[in-house]
Number of protein chains: 2
Amino acid sequence: MPAKTKHSNRVTLDDVAREAGVSAITVSRCIRAPEKVAAPSRLRIQAAIDRLGYVPHMAASALASRRTNVLGLIVPSVTNSVFSDVLLGVYDAIEATGLSVQIANSRYSPSEEETLIRTFLAQRPAGLIVSGVDQTPTGRALLEAADCPVVQIMDVTDNPIDMLVGFSHFDSAASVVRHFMEQGYRRPAILSARMDPRSQVRVSGFRREAERLGIFDPRRVVTTQGRSSVGTGCQLFADLMARAPDADCVFCNNDDLALGVLFEAARRNIRVPEALGVCGFNDLEISAYVNPPLTTVATPRYRTGQEAVRLVAAALGPGVEEAERHLRLEAKLVVRASSQPGWTGPTAT
Amino acid sequence: MPAKTKHSNRVTLDDVAREAGVSAITVSRCIRAPEKVAAPSRLRIQAAIDRLGYVPHMAASALASRRTNVLGLIVPSVTNSVFSDVLLGVYDAIEATGLSVQIANSRYSPSEEETLIRTFLAQRPAGLIVSGVDQTPTGRALLEAADCPVVQIMDVTDNPIDMLVGFSHFDSAASVVRHFMEQGYRRPAILSARMDPRSQVRVSGFRREAERLGIFDPRRVVTTQGRSSVGTGCQLFADLMARAPDADCVFCNNDDLALGVLFEAARRNIRVPEALGVCGFNDLEISAYVNPPLTTVATPRYRTGQEAVRLVAAALGPGVEEAERHLRLEAKLVVRASSQPGWTGPTAT
DNA sequence: CTGTTAGCGCCTTCAA
DNA sequence: TTGAAGGCGCTAACAG
């Protein structure tokens with residue numbers, strides 16, 4: 001039998017095997033489970049690997065073993081710091097698992113998300129993490145049929161696809177309204193950009209609670225389709241002042257917007273929190289340092305990423321208890337000066 | 001509902017072929033180059049694919065064709081907005097290419113980066129984008145030996161590995177010193193956190209230019225190993241005030257730090273820009289909106305991501321002209337109120 | 001335009 | 001502890 005002709009100059013398992021004087025499968029074992037290979041062989045193999053600069057071929061490995069170590073992660077945005085914090089949690093948690101993350105960006109588009117779900121599934125991922133609970137029907141069906149663990153994150157729902165790590169946007173928004181009320185504010189406004197499903201839920205949470213307390217006024221709801229940013233916050237606040245100058249406090253659907261409101265209010269010499277209470281959403285790092293420090297809702301973004309990975313890893317292992325599959329985290333109101341009229345001026349932190 | 005499924009009931013190309021009454025290779029062609037398949041067959045195949053819910057197996061495809069469509073991207077941080085903007089550019093540019101991005105996070109560690117280079121190479125990526133030009137010798141050797149296009153981004157060097165898209169950190173920093181000088185400041189300070197290679201170059205750019213102009217004072221160089229953040233900016237500024245209260249302007253190695261300085265200065269009733277000129281680096285979105293608006297160096301992050309992908313795509317196609325392989329972008333000083341003593345108070349934007 | 005023949009590089013199974 | 005045989009699902013290179 002003629003020697004197999006090699007069409008590429010790649011170093012393969014066979015090359016290493018020959019170099020080490022063992023068979024290919026032994027090299028394979030030596031890489032995946034070194035303890036199952038005798039020490040002498042192991043040493044020779046390792047030496048051969050180093051000498052030849054062997055790098056395993058993942059695709060071949062995936063094909064033969066029918067599994068990949070790819071954890072797919074679909075987020076609506078890579079720039080939004082909300083999701084970059086989730087990423088951080090994911091990356092930190094992934095280390096212990098031997099999995100590798102692959103991020104995809106749906107740009108807040110359900111149909112793009114569906115395409116990405118397809119793409120990921122084509123790679124037979126070890127697991128999949130998707131953002132939110134509002135997949136398209138087809139996307140949902142694909143995920144339900146997927147033979148890998150699936151985790152929905154950043155929101156809660158009554159009928160998750162598989163596993164879930166999230167918190168209630170509705171409740172968070174409602175708690176902000178109550179906080180304003182407790183601080184003595186009576187004419188709350190809400191500012192919101194890009195109306196993705198979770199933003200919408202926050203808006204309705206705000207509305208419901210305000211209605212319940214008898215302090216809702218539709219004039220004080222200002223939204224835009226544009227993406228959320230500090231600049232948008234300035235703009236929306238200007239719009240609000242034009243439409244409903246009587247507003248005495250404002251819930252911004254995220255911290256970017258709230259920061260914009262703070263800066264714009266400063267320019268207009270509107271005193272926060274005396275003349276205007278401000279509350280954001282997410283608790284970005286900067287929010288604690290602006291003047292006045294921003295009251296906001298701290299969302300468990302890092303932890304969400306971490307836990308999602310943990311759930312996938314657990315599902316890949318022996319068995320998961322049903323109780324573990326749905327993790328409802330808490331988003332906590334962090335009260336700072338921007339919503340406390342009793343505040344007395346800038347102080348060093 | 002998920003997991004634990006027996007792994008033999010996958011729909012394969014053969015299943016589709018049988019269903020459509022053609023051979024597997026025809027189905028394969030129909031997916032990759034529909035125009036090379038007769039219309040009737042194509043219709044039957046498409047119908048079969050839909051009926052069976054066929055999803056191609058990437059690993060098998062990669063193995064057989066000896067190529068993947070994975071573009072590996074190694075960044076030192078996923079949360080740093082500098083890199084998330086690069087990501088945005090990458091994602092926007094990738095669409096036209098049919099490639100798929102895979103991000104890895106080196107956490108500013110050269111050795112982690114080396115590991116990631118190995119991991120990526122194991123997947124036979126279509127291309128690789130790495131941050132900076134300071135890979136470990138081994139990492140560099142791996143990349144030089146890689147049989148795929150490699151792009152270094154966010155910095156410049158005389159001997160790039162392969163292709164490059166970046167700008168000069170040294171020159172940028174020097175231009176900031178000159179700007180301060182022109183505005184009448186004479187005792188410049190520099191604040192810097194996490195001393196990654198690019199930050200270091202900026203510090204030396206600042207130092208050299210200040211020395212050249214005869215206004216350098218080592219007391220006014222304040223650095224820390226911690227990661228850069230708004231809080232760190234507050235802290236470093238406090239340190240500076242303790243060490244060298246005579247400083248009349250400060251170059252912050254990035255906008256996070258500068259924002260912290262602005263907020264901390266406000267708390268200390270230090271007037272910017274009259275008593276203190278402030279300049280940041282990167283031009284984050286928020287910097288234009290704070291009070292006073294922040295002078296900073298606008299770095300071409302989005303474009304860097306875009307161009308890097310374009311270079312890879314071009315290298316994958318027919319032929320690239322040598323001239324195209326090294327792209328030196330420009331980082332531009334954006335002068336705003338925080339460094340212009342002539343500024344007269346807050347104004348709406 | 002379509003099919004046949006061979007692998008791609010690795011891992012599973014089973015035997016030694 | 002190690003090895004031999006076979007195949008994972010797909011595609012390059014040729015025929016037809």
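Labels below follow one simple rule: chain letters A, B, ... track the order of the sequence lines, proteins then strands, and each chain is numbered from 1.
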Give the rounded distance in Å between these two atoms: [atom1] of [X] and [atom2] of [N].
X: A:Leu13; N: C:dC10; atom1: CG; atom2: P; result: 5 Å
X: A:Asp14; N: C:dC10; atom1: CG; atom2: C1'; result: 9 Å
X: A:Leu63; N: D:dG7; atom1: CG; atom2: P; result: 14 Å
X: B:Arg18; N: C:dG3; atom1: CZ; atom2: P; result: 14 Å
X: B:Lys36; N: C:dG3; atom1: NZ; atom2: C1'; result: 15 Å
X: B:Arg66; N: D:dC10; atom1: CZ; atom2: C1'; result: 13 Å

Dump every N/O contact between nucleotides 12-16 of chain D and the protein below 3.5 Å, one line per pair.
residue: D:dA12; atom: OP2; partner: B:Arg32; partner atom: NH1; Å: 2.8

Next item on the list: Output every pair passing salt bridge (Lys or Arg N to Asp or Glu O under 4.0 Å) with a member in residues 74-92 of chain B, not counting sequence neighbours, ordered by first then second residue.
Entry: A:Arg107-B:Asp92, B:Asp85-B:Arg301

Margin query: Show every salt bridge (Lys or Arg N to Asp or Glu O under 4.0 Å) that has at least one partner inside residues 19-35 of chain B, sequence neighbours left out.
Written below: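 Output for this query lists B:Glu19-B:Arg51.
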
Item checked: B:Asn159 versus B:Thr157, side-chain donor and acceptor atoms under 3.5 Å -> yes

Checklist line | Side-chain donor-acceptor pair present, A:Ser109, A:Ser106, cut-off under 3.5 Å | finding: no

Notebook entry, point to check: To 10°, what angle do the rotation axes through the five end pairs on each side of the helix from C:dC1-D:dG16 to C:dA16-D:dT1 form?
Noted result: 20°

Notebook entry, point to check: In terms of the nearest nucleotide of DNA chain C, which residue is placed more toward the 5' end: B:Val37 or A:Ser28?
Noted result: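 Closest to the 5' end, via its nearest nucleotide, is B:Val37.
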
Checklist line | Validation row: A:Leu143, A:Asp162 side chains within 4.5 angstrom (heavy atoms) | finding: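 No; the side chains remain at least 4.5 Å from each other.
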
Notebook entry, point to check: Does some side-chain heavy atom of A:Ile31 sit less than 4.5 Å from a side-chain heavy atom of A:Leu13?
Noted result: yes

Margin query: Which nucleotide wins on minimum distance to the side chain of A:Ala38, given the candidates C:dC8, C:dT2, D:dT1?
Written below: D:dT1

Check: Going by heavy atoms closer than 4.0 Å, what residues in residues 40-60 of chain B are next to DNA chain D?
Finding: B:Tyr54, B:Pro56, B:His57, B:Ala60

Next item on the list: Establish, with yes or no, whether the OP1 or OP2 oxygen of C:dG3 is under 4.0 angstrom from a side-chain nitrogen or oxygen of B:Thr26.
Entry: yes

Margin query: Is B:Ser23 close enough to C:dG3 that one of its side-chain N or O atoms is under 4.0 Å from OP1 or OP2 there?
Written below: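 Yes, such a contact exists.
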
Check: What pairs with B:Glu307 under salt bridge (Lys or Arg N to Asp or Glu O under 4.0 Å), at least two apart in sequence or on another chain?
Finding: B:Arg303, B:Arg310

